[in-house]
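Here the structure is laid out as structure tokens; the discussion comes afterwards.
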Amino acid sequence: METAQAYRTYKPLLFSLAYRMLGSVMDAEDIVHEAFLLLGAASDKTKINNIKAYLCKIVTNRCIDKLRSAAKQREVYIGTWLPEPIVEDDINDPSISLEKKETISTAFLLLLQQLTEVERAVFLLREVFQYDYDDIASIVGRSSTNCRQIFHRAKKGMMHRPDSVKPNDDHSNIYLEKFAQAVLDGNMDLVHAMLKKDAVFYSDGGGKVMAALRPIFSADHIARFLLGVITKLPANATYQFKNVNGSPGMIVMIDGRIDYVVSFEVNDGKIAKIYMVSNPDKLNHLNQ
DNA sequence: CTATCCTAGTGCGTGCGTTT
DNA sequence: AAACGCACGCACTAGGATAG
């Protein structure tokens, strides 16, 4: 198979694997790019009998290496870490064409963070990409029984998983628009009523811009916080509703640049979680 | 005071028994 | 026969104790 054809065939798959591993659009693209460079430079391609497995192996192992070298940095990450958001109408985003939107949800990616690098790789390859254990074994360089055990433990670790993310529908988008309007109007009662009592607000500024360092708990605190923040935004800020990581969301633009990407989790007709990314490094890929 | 040795705790891989 | 859960045992780590 030609490298170019392999690129068209496997790039979406490899990107979605790398993105879920890393939570970073730019790093995922770099690693996928590198993998194809290696494939192109391989002296004897006929020796590579399974191009898909070969590419998966390179990408997985590069991701594991990247995570290990980033582990130290992550320890000193300022505030809450959130994945780089994927905004749905970004036509460069190939992962959207793949099913399983819940596996790119912010909640899912945050849960993956709790796993070790290898656990994450095994879990994704098995749960999301339905590889069998023999293939996974050769990718991560462990025995297949071991991979089964790693998967078993990883799944157990994901067990205390909060309520799963419901897929977007028109209803939750309309709900979100109503909520945003209530915030803009400064309607404290309505904002409060639309939030679950035990809602949580996560914010990632990466220590570079103003952001809440710790998650904000309870409808009460979140409502107050949002109404406080909204008065500080400049008058020329504009708002657009988008799908962010498969969930209803919105972007806030100031002077033609995206400054905030917010996504929401709506459970039982109320907002349960809000994720706000304002770290400029994590919005770069959207502003190019 | 320091060095090394011991032990309790934890994490991880293997293999066996069970299920489908 | 393949997939799965579980328990066992090995290896590594940290914290404490004892000897030098």
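Predicted model, so just to flag it, every value in this text is computed and none were measured. Below, each value reflects all heavy atoms present in this structure, side chains not excepted, and no hydrogens, waters or symmetry copies. Below, chain A is the first sequence line, B the second, and so on; all start at residue 1.
Between A:Tyr10 atom OH and A:Tyr54 atom OH the span is 14.0 Å, to the nearest 0.5 Å. Taking CZ of A:Arg20 as the reference point, atom CG of A:Leu125 lies at 11.5 Å (rounded to 0.5 Å). To the nearest 0.5 Å, atom CG of residue A:Leu22 and atom CD of residue A:Glu84 are 9.5 Å apart.
A:Tyr131 and A:Phe129 have perpendicular rings, their planes meeting at more than 60° on a 0 to 90° scale where under 30° would count as parallel.
Residues meeting the salt bridge (charged side-chain N to carboxylate O under 4.0 Å, His left out) test with A:Arg257, sequence neighbours left out: none. Every residue meeting the side-chain hydrogen bond (donor to acceptor under 3.5 Å, both in side chains) condition with A:Asn279, not counting sequence neighbours, appears here in chain and number order: A:Tyr77.
For A:Lys242 (side chain) and A:Ile251 (main-chain N/O), no donor-acceptor pair under 3.5 Å exists by modelled atom type. In terms of modelled atom types and a separation under 3.5 Å, the side chain of A:Asn245 and the main chain of A:Ile86 share a donor-acceptor contact. Although no hydrogens or angles enter the test, the distance criterion places no donor-acceptor pair under 3.5 Å between the side chain of A:Arg142 and the main chain of A:Cys147.
Side-chain proximity of A:Thr116 to B:dT14, B:dC12, B:dG15: nearest is B:dC12.
Atom-to-atom, CZ of A:Phe151 to C1' of B:dC12 comes out at 18 Å; the value is rounded to the nearest Å. Note: CD1 (A:Ile150) to C1' (B:dT14) measures 12 Å, nearest angstrom.
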Candidate pair A:Ile271 and A:Tyr175, rule side chain to side chain contact (heavy atoms under 4.5 Å, CB included), full reasoning: CA-CA 9 Å; A:Ile271 291 169; A:Tyr175 192 80; 3.8 Å; yes
Do any N or O atoms of the protein come closer than 3.5 Å to N or O atoms of nucleotides 18-20 of chain B, and which pairs are they?
none

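Among residues at least two apart or in separate chains, ring-ring contact (aromatic ring centres under 6.0 Å, His included) pairs with a member in residues 181-227 of chain A are A:Phe201-A:Phe225, A:Tyr202-A:Tyr275.
Within the 4.0 Å cut-off from OP1 or OP2 of B:dT14, at least one side-chain nitrogen or oxygen of A:Ser143 is found.
Chain A approaches DNA chain C within less than 4.0 angstrom (heavy atoms of the protein), and the contacting nucleotides run 5' to 3' from C:dC4 to C:dA7.
Side-chain atoms of A:Arg153 and base atoms of B:dG13 include a donor and an acceptor less than 3.5 Å apart.
Between its two ends, the helix from B:dC1-C:dG20 to B:dT20-C:dA1 turns its axis by 10°, counting five pairs per end and rounding to 10 degrees.
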